[in-house]
Amino acid sequence: MSDPSNRPAFKLKTPPRAYPLRSVATALRRADRGVIPKKRRGGPLVSSEDVVLEAVKLGYKIADEQILKGQDFARKLRGASLRTEAGDVGSLVDQGLRLARQFAVLLVEMTETTVQTPAIVKAFAKAVNEGTDEKPEVRSAPSPGSGSRQGIVHGIPIEVTSSKPARVSLALYEAPEGLPDAYPLYPKGKEGAALTTVNFEELEAGAGFVLKIKVAANQAAGTYRGAVMACEAQRVIGSIEVTLSE
Amino acid sequence: MAEANIKIAIVGGGCGALAAAFELSKQKGYEITIYQMGWRLGGKGASGRNKHAGKHNRTEEHGLHVWMGFYENAFRLIRECYEALPPNHESPFGSWEDAFTPDHWVGVADESRGTWRTWNSFFPATPGLPGDPIDPDTNPFSLPSYLARATDLLRALIHSSFSGKGETPQNPYELSSVSPETIVDKITCVLRTGVLTGASALYEAMAVLGVVLSGRFSLPGGDYLVLRYADAIARNVKAQAETLFGNDQQLGPKLELVELVVTVIVGVLRDRLLTDPDGLDAINDEDCRVWLRRHGASERATNSPLVRALYDMAFANVKASKDDVPGLAAGQALRGALRMFFTYRGSLFWKMRAGMGDAVFSPLYEVLKQRQVKFEFFHELVDIHTSKTKGVRRVTELRFHQQAAVKGGGEYQPLDTDGCWPAEPDFAQLDCQPNGTAFEKPGSSGGAIKPVTDFDCVILGVPVGALDKACPSLLKSDTRWKAMVQNLKTVPTQALQLWLYEGVDELSTSPSPITVSGFKKPFDTWSDMTHVLAQESWTAASAPQGLMYLCGALPYVWDEGRPQSLDEAVSRAVDFLDRDLPLLLPGAGAEGRFGFRWELLMPPAKPEDLRKPLQGLNFEKKRQLVQGQYLSVNVNPSDLYVLTRPGTMQYRISPLDPGYENMTVAGDWTDCGFNEGCVEAAVMSGLLASHAISQSPPLEEIVGFDHP
């Protein structure tokens, strides 16, 4: 190798991370390469209501366009039908258009109704307001070594209260700023009740935090998985996996 | 005292290796040498001009290379490259706009009751161009953009229901004078299509809405309303659609598309992929068709031409070994489809106006030379020596088989006088006997072993299929690498180029130019590449009017455990042209008689045969005509296409992997964020390799690396 005696051996740089971030939320924001001002066409969506309105408006726009195209087509057909003396074509067109319009509008209204469900709107408010936080992302210093997806933050204590044998795996890909947020763990590959009593709690000042999991006695056996989010930046920074056996 | 440059040895000259060289050579402080087997750069994208008499300087390629409109990193690279070309460049094109041409049409071949037809779709131009800086108006990943693309899809589907060959997409509703029956048929069709495509677009809108709703959190109390909502709509629409359109062959593909879109939404929600830290990677252990079935897709949709075409494009429909099971990892398949259809810019496809060697690797070579990058051609890697001290692995020596020496000891000049890559080495520069293209076959030429230790860091850009011959010592000592080589499957491919006396658009019922996939094997994909003829040297009197590329996986002779030979592939191609091609290209079929119109092939065996129907040819004569075209069987280890099999992602090694302190990797076989064999994956891996060495470019600048 070149000049081994004259300078320290070359080492690859330790990357801030060795894998892609696959979170849907972060991807939509990160794709701007970080060099473009974070503005959106038509202005930022600042509340849950804006998101709902925008989505429904766009849904209607698509439906309107569909209808307009149909009407345009119908006009030409009527013209053609007069020339070819096919008198019943006009009523068939109208009937069909009504059907198409009703179907398209029905779908939009279903969307509208669903997204205005109070539980969802409440959840939007939290997510959207946090999502518009434009504070620069602060990264912790990467840990050297592992390039795998096993997580780079280690030594976080875990407390599990469970009547069933439980195996817990916590993987954090970066050290969080502040207390992270654990989301409910959902059964992997099947339907069933989520494991919801999962949270991080602070230890004594400066001593970090602990992951606490309480498993109800009637929780079904299986593997449960969920995300760990950084509270400040609303991005996925890790995952928790709990395997309960009988 | 100024710090000495860091010496980088790059092994291989494919897209991944050259992307890394391009990025590093932009920065100060690196002294780069590229070691390349044989006489040309390009790897699986290499091409060459045939200089032999009667071949008209024609372009001969390893395969059909079409760049997709979502290849953001690849286009950014090539656009920067053309910007950096010196004014006195030799490359045949002066700008990337000259080198690439958009192709908005895509076709899917479908067989119904013994009849083959092509479902053609026009994908409209979208704002921006691939490789443009991403701003709020052109960001393909933004919410408005995803919705706008859904609207465009709606328009495209409506248009494709009406347009026939030659109709312009801008005016799809114009009616000519028609009978009342035709009018009624068309009304029925438009209304049905309208309902379906409207529903489809709304589902797309809802999918994006789902991203907003569900991407950041789980709903309180575990009450998964969005899933229930989508599921209910899916059931409702499927039931209505089946009732209304179940037996309508015209609307079959659209019904399947709607069903697939709905199934994907339901599957993504049901598997909670929106909140899964691994995103779509969480389902990479499952085959895409199995995943679709698990979430309710019918057999018809699961085996639809669209799904078959997606598999064909990744060579996923074929076995890689006798015991292999064909398949495509579900997560990557969905990521690829989403990127392809919803994030393309400018055009869905971009075709090169010449061979990929001339359009891409010539300018890259020139710019890298200008940046003082050294090239060592005719260097075949045969081993890598490593050390392991206190658990830290380092590369200590590269061992090359020096295939040929340059007369007088200078550097080999690889381009011809037109700035193109020749199909064979320029033996006049070499101190060896001419041996055709043998330098691209490992171990096929004599020469000494040359140990190389004068490097600080290595970028290994040798394809995974060639690693067992390129670094046996490393594989023996490193179980991870051994597992990667054993578990990543590869397949040999083949490509057939036909120079035709008539235009491809005259032979086909599809609009032109177009790329069609999902057809019969062994050539399931074909593309009209007539525009490449302008770069070749035909005389006006005998110039071909059409150029067609066909490609597919090369069949195996399972009993003997080997892929077909060139000789066998020629015979199979004769069968394909006679039996299969006329099914999709009626104009290529002989009128009133069986088989292919062999007189279409250029140049004719004898000049006086031009334009004369050739009848009664025996099989050997047909074989000779195929041999006069260009058939490439890509069986060399470095030519093999890497597959995206379910359950194999964990074996891939990332360019960011710290397993070796002074070595990183590049190529579409690496874990690069888009794990499917293509130019974009290779370029992303090269950018990651550069990042591993220099921390440039930042990971956030590698477009799509962080895509779910």
Side-chain angles (χ1 to χ4, degrees), chain A residues 1-2 10-13 15 18 20-22 24-28 30-34 36 39-41 51 55 58-59 62-63 66 69-70 72-73 76-77 80-81 84 86 89 92-93 96 100 103-104 107 111 114 117 119-120 123 127 131 147 183-184 186 193-194 196 227 234 236 238-239, chain B residues 6-7 134-137 139 141 144 147 151 158 173 175 180 183 187 190-191 194-195 198-199 201-202 205-206 209 211-212 215-220 222 225 229 272 274-275 277-279 281 396 453-457 654 656-658 661-662 664 673 691-693 695 700-701 705-708:
Chain A
M1 289 177 292
S2 72
F10 174 83
K11 292 180 185 175
L12 294 174
K13 303 277 189 295
L21 294 176
R22 295 304 196 187
V24 169
T26 52
L28 292 177
R30 280 174 189 280
D32 59 12
R33 295 184 189 174
I36 305 298
K39 63 177 182 179
R40 293 279 181 262
R41 186 161 43 184
V51 174
L58 280 161
I62 292 170
Q66 181 76 11
K69 292 285 184 194
D72 182 40
F73 189 75
K76 290 173 180 169
L77 281 173
S81 72
T84 55
V89 170
L92 186 57
V93 168
F103 192 90
L107 282 171
T111 309
T114 302
T117 301
I120 298 181
Y183 282 167
Y186 288 97
T196 54
Q234 272 301 305
V236 176
S239 64
Chain B
I6 295 167
K7 294 182 177 178
I134 294 176
D135 61 40
D137 289 331
N139 181 358
F141 302 98
L147 285 166
T151 313
I158 290 173
Y173 301 103
L175 287 175
I183 291 175
I187 294 165
V190 74
L191 292 176
V195 173
L202 282 165
M206 285 193 296
L209 185 63
V211 169
V212 177
R216 298 162 188 240
F217 57 92
S218 304
L219 293 172
L225 290 174
Y229 165 64
R272 300 185 175 98
L274 293 171
T275 50
D278 290 341
D281 283 350
T396 56
T453 58
D454 187 23
F455 58 82
D456 295 302
C457 182
S654 165
L656 303 177
D657 185 272
E661 214 174 40
N662 65 339
T664 178
H691 179 91
I693 292 170
Q695 295 200 325
E700 287 74 16
E701 283 193 16
F705 181 60
D706 285 337
H707 192 280

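In this text, all values refer to a predicted model and were calculated from it rather than measured experimentally. Reminder, nothing fancy here: chain letters follow the sequence lines and each chain counts from 1.
In this structure, the separation between NZ on A/K13 and CD on B/Q695 is 6.5 Å, given to the nearest 0.5 Å.
Across all non-hydrogen atoms, the minimal contact from A/A18 to B/S654 is O-OG, 3.9 Å. Here the closest non-hydrogen pair linking B/I693 and A/F10 is CG2-CZ, 3.9 Å. The two residues B/C457 and A/L12 have their closest heavy-atom pair at SG-CD2, 3.7 Å. Minimum interatomic distance between A/P20 and B/G673 (heavy atoms only, all atoms of both residues): CG-CA, 4.1 Å.
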